[in-house]
Colleague: 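There's a structure below that I have some questions on.
Worth knowing before you read on, the calculation uses all heavy atoms, side chains too, and leaves out hydrogens, waters and symmetry mates. Predicted model only: the values in this text are computed from it and were never measured.
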Amino acid sequence: MEKPIALIDCNNFYVSCERLFDPRLRGKPVVVLSNNDGCAVARSDEAKALGIKMGEPAHLFKDKTKEHGIRLFSSNYTLYGDISRRVAATISDFSPRTEIYSIDETFVDLSGFGGRMLSHAADMRATVRQNTGIATCIGIAGTKTLAKFANFLAKKNPVFNGVCDLTQGEIAAFAMARTDVSEVWGVGSRTTAKLREVGINTVAQLRDMPLPYARQVGTVVLERTVAELRGIPCIELQDVEPTRKGMAVTRSAGTPMTSLAVMQQAITAHATRAAEKLRHHGLVASQMTVFFHTNPHNGSARDSASRTGKMSPPSNATMALVSTALACAARAWKGDHVGNGFAYTKSGVILDDLIQQESAPVDLFAFENANATRLSAAMDAVNDKWGKKTLILASEGFKRPFETKANMRSPRYTTRLSDLPVVRA
């Protein structure tokens, strides 16, 4: 095979990160919750065995939590992101071409390893475990979709010892005939329902589906999936991150926002974070949309609002983005500054028309103060050295009642000096 691809996936990643610094959690049911401690977004194998579903609201398994001593944690994305970076850095030593697909998944080009491919993958898995403490599984195949399927098999079957190679033998055909079609990468619930209607229930049946018929049932996306299941590469490895066309920063509020002042504090925080992300990626934005809405599920009065503003010239300066965001929020707000009878629970900013900073057009009739750019760089330097939110704009406020609830968040062990783990001998 010319270009074998491996997918290395961290096992129960968020839970594994929590267990790294608290060995007492090993073997115990653990659940990591979403923003505002709402729903399960990660579950240990022990929690899965208790019947807790992905996305299940925490209040629905409250009795199980008490009965079985389930440990609940608020999402600690700072910790997870840093551990992910360390895992990716280790993986990069094993191939010149890698693609970080998500926080816990990385595609790896294994071309050129020949007969050593399986042992090389096993060594990569062992090194990640040694360097970071994170357990992984690896799937190897000739296409990305098959590599995802191989990874699924490696997780489900201990016989593979964490590494499943579908480039040789009859393992793929045997497994496809016994695996439900819903387990295929990119086949969601709606597509699964459509496939079942036409008698496609297993991965093998999907693989053997005529390509024109696959396009008819599920558009060109499903046609591409079928081709990949046959070993025909249709999704290239992207070792260079593509330029982003858009970007969003959104948050659910820990406390409902009922006044314009609090809403503007939240929007300032979102725009500030968006500006930091733009600078990190070397981009500038030409357009921003600000939105906020109420909770559609709690029975309260419902409302949503949004406004879009242009930035000319395109910018990534914190001051410019915050100024545009606050103007949009003020235009979108209904009622007086005190309140309007609505309790908004989510807000955010969406950036569009992103371009590389060096390619940004220059407007002869608009001049962005160079001090704003230098000030943004200075804020980044201070916050990088002393921690996030050390230096903020006054319009963000200091009490920040809009911040997401995280009452059960573990310490940020690897990125904050005050949270460094303490070893007592």
Colleague: Side chains of Thr318 and Arg279: donor-acceptor distance under 3.5 Å anywhere?
Modeller: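 Per modelled atom types, Thr318 and Arg279 side chains form a pair under 3.5 Å.
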Colleague: Name all residues meeting the ring-ring contact (aromatic ring centres under 6.0 Å, His included) criterion together with Tyr80; count only those two or more places apart in sequence or in a different chain, and write none if there are none.
Modeller: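 For Tyr80, the residues satisfying ring-ring contact (aromatic ring centres under 6.0 Å, His included) (neighbours in sequence not counted) are Tyr14.
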Colleague: Before accepting this row, confirm whether a basic side-chain N of the pair Lys385/Asp380 lies closer than 4.0 Å to the acidic partner's carboxylate O.
Modeller: no
Colleague: List in chain and number order the residues that pass side chain to side chain donor-acceptor pair (under 3.5 Å) with Asp9, two or more places apart in sequence or in another chain; answer none if no residue qualifies.
Modeller: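 Asp9 satisfies side chain to side chain donor-acceptor pair (under 3.5 Å) with Lys155 only.
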Colleague: Any side-chain to backbone donor/acceptor pair from Gln205 onto Asn201? Under 3.5 Å, distance only.
Modeller: yes
Colleague: Name all residues meeting the salt bridge (charged side-chain N to carboxylate O under 4.0 Å, His left out) criterion together with Arg416; count only those two or more places apart in sequence or in a different chain, and write none if there are none.
Modeller: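 If we apply the salt bridge (charged side-chain N to carboxylate O under 4.0 Å, His left out) test to Arg416, skipping adjacent residues, there are no hits.
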Colleague: Let's go through Lys346 and Thr250 carefully: what are the C-alpha distance in whole Å and the side-chain angles of both, what is the deciding distance for side-chain contact (heavy atoms from CB on, under 4.5 Å) to 0.1 Å, and is it a yes or a no?
Modeller: CA-CA 7 Å; Lys346 190 167 187 177; Thr250 68; 3.9 Å; yes
Colleague: Checking Ser347 against His270: is there a side-chain donor and acceptor pair closer than 3.5 Å?
Modeller: yes
Colleague: Under 3.5 Å, is there a donor-acceptor pair between the side chain of Thr90 and the main chain of Arg86?
Modeller: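 Present.
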Colleague: Is any side-chain N of the basic residue among Glu99 and Lys144 closer than 4.0 Å to the acidic one's carboxylate O?
Modeller: yes
Colleague: Under 3.5 Å, is there a donor-acceptor pair between the side chain of Arg97 and the main chain of Leu237?
Modeller: yes
Colleague: Is the closest side-chain donor-acceptor distance between Thr225 and Glu228 under 3.5 Å?
Modeller: no
Colleague: Under the rule for salt bridge (charged side-chain N to carboxylate O under 4.0 Å, His left out), what residues qualify as partners of Glu183, not counting sequence neighbours?
Modeller: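 Here no residue qualifies.
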Colleague: With sequence neighbours left out, what residues match Asp352 under salt bridge (charged side-chain N to carboxylate O under 4.0 Å, His left out)?
Modeller: none
Colleague: List for me each residue that meets side chain to side chain donor-acceptor pair (under 3.5 Å) alongside Ser74, sequence neighbours excluded, and say none if there are none.
Modeller: Asp37
Colleague: Can you run down the ring pair (Phe, Tyr, Trp, His ring centres under 6.0 Å) pairs that involve residues 402-423, sequence neighbours left out, and say none if there aren't any?
Modeller: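 The answer is Phe21-Tyr413.
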Colleague: Does a salt bridge link Glu276 with Lys388, judged by any charged N lying under 4.0 Å from a carboxylate O?
Modeller: no
Colleague: Kindly write out the residues that satisfy ring-ring contact (aromatic ring centres under 6.0 Å, His included) with Tyr213, not counting sequence neighbours, or none if the list is empty.
Modeller: none
Colleague: Start with the C-alpha distance between Leu351 and Gln287, add both sets of side-chain angles, then the distance that settles side-chain contact (heavy atoms from CB on, under 4.5 Å), and finish with yes or no.
Modeller: CA-CA 6 Å; Leu351 303 177; Gln287 179 172 286; over 6 Å; no
Colleague: Would you say Thr202's side chain and Thr179's backbone share a donor-acceptor pair under 3.5 angstrom?
Modeller: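 Judged by distance alone, no pair lies under 3.5 Å.
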Colleague: Spell out, as yes or no, whether a donor-acceptor pair under 3.5 Å connects the side chain of Thr191 to the backbone of Val187.
Modeller: no
Colleague: Give a yes or no on whether a salt bridge exists between Glu236 and Arg224, defined as a side-chain N under 4.0 angstrom from a carboxylate O.
Modeller: no
Colleague: Please give me the minimum heavy-atom distance between Asn316 and Leu283, naming the atom from each residue.
Modeller: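 Reported closest heavy-atom pair: ND2-O, 3.1 Å.
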Colleague: Does any donor atom in the side chain of Thr289 or Thr308 lie under 3.5 Å from an acceptor atom in the other side chain?
Modeller: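 Side-chain D/A pair, Thr289 to Thr308: present.
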Colleague: By side chain to side chain donor-acceptor pair (under 3.5 Å), which residues pair with Lys334, not counting sequence neighbours?
Modeller: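 By the side chain to side chain donor-acceptor pair (under 3.5 Å) rule, Lys334 matches Asp303.
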Colleague: Apply side chain to side chain donor-acceptor pair (under 3.5 Å) to residues Thr404 and Asn36 and explain how you reach the verdict.
Modeller: CA-CA 5 Å; Thr404 299; Asn36 283 324; 4.6 Å; no
Colleague: Check whether Ser95 reaches the backbone of Thr98 with its side chain - one donor and one acceptor, N or O, closer than 3.5 Å.
Modeller: no
Colleague: Check whether any side-chain heavy atom of Asn76 lies under 4.5 Å from a side-chain heavy atom of Glu18, and answer yes or no.
Modeller: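 Result yes, sub-4.5 Å side-chain heavy-atom pair found.
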Colleague: Among all residues two or more places apart in sequence or in another chain, which pass the salt bridge (charged side-chain N to carboxylate O under 4.0 Å, His left out) test with Glu56?
Modeller: none
Colleague: Report the residues that fulfil ring-ring contact (aromatic ring centres under 6.0 Å, His included) with Tyr344, sequence neighbours left out, ordered by chain and then residue number.
Modeller: Phe292, Trp333
Colleague: Applying side chain to side chain donor-acceptor pair (under 3.5 Å), name anything that partners Lys48, two or more places apart in sequence or on another chain.
Modeller: Asn12
Colleague: Between Glu197 and Lys194, is there a salt bridge with N-O shorter than 4.0 Å?
Modeller: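 Looking at Lys194 and Glu197, the cut-off is not met.
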